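Quick caveat: nothing in here was measured; it's all calculated off a predicted structure.
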Amino acid sequence: MTINLAFKALSDPTRRIILDLLRERDLTAGEIADHFQMTKPSISHHLSLLKQAELVWDERKGQHIYYSLNTTVFQDLLKWFVSFQQSDPEGMNRNEI
């Protein structure tokens, strides 16, 4: 996973909605598409970008492919954000200034 791909994937509101839907349960592309008024190829494009960023996994079960969240990537992003709060590049505590 590169952080740039994750941020690119998260920058789009449709992809963020897809991630919210997947928080509830694993879904097929068709079930995801039912929540939008766009073509299935457009949904597939969004899912492809989410997969490239490793934010979602896909797993074939019979004739269907189910998508699920990859929470590990979210944990990595969160660690990256938190590192800014915890680090002090000049070795000073900002409260002491």
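Looking at heavy atoms from C-beta onward, Phe36 lies in side-chain contact with Ile17 at the 4.5 angstrom threshold. You'll find the side chain of His45 reaches within 4.5 Å of the side chain of Leu49, heavy atoms only. Residues Leu10 and Leu77 have side chains in contact (heavy-atom distance under 4.5 Å, counting atoms from C-beta outward). The shortest side-chain heavy-atom distance between Thr14 and Met38 falls under the 4.5 Å cut-off. Between Tyr67 and Asp58 there is a side-chain heavy-atom pair separated by less than 4.5 Å. Inter-residue side-chain proximity for Gln52 and Ser48 is flagged as met; some heavy-atom pair is nearer than 4.5 Å.
In this structure, Leu5 CG and Phe7 CZ are separated by 11.5 Å, a value rounded to the nearest 0.5 Å. Atom-to-atom distance recorded for Asp26:CG and Leu21:CG is 12.0 Å, nearest 0.5 angstrom. Atom CH2 of Trp57 and atom NZ of Lys51 lie 10.5 Å apart (nearest 0.5 Å). For the atom pair Lys40 NZ and Asp34 CG, the distance stands at 6.5 Å (nearest 0.5 Å). Here the CG atom belonging to Asn70 is positioned 9.0 Å from the CD atom belonging to Gln75, to the nearest 0.5 angstrom. The CG atom of Asp12 sits 10.0 Å away from atom CG of Leu19, with the distance rounded to the nearest 0.5 Å.
Checking side-chain atoms of Arg15 against main-chain N and O of Leu47 turns up no donor-acceptor pair under 3.5 Å.
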From CA spacing to verdict: side-chain contact (heavy atoms from CB on, under 4.5 Å), Arg25, Glu31: CA-CA 11 Å; Arg25 65 182 176 94; Glu31 291 170 328; 3.9 Å; yes

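Scanning both residues, Leu22 and Leu27, for their nearest heavy atoms gives CD2-N, 3.8 Å. Considering every non-hydrogen atom in both Ala53 and Ala9, the closest pair reads CB-CB, 3.9 Å.
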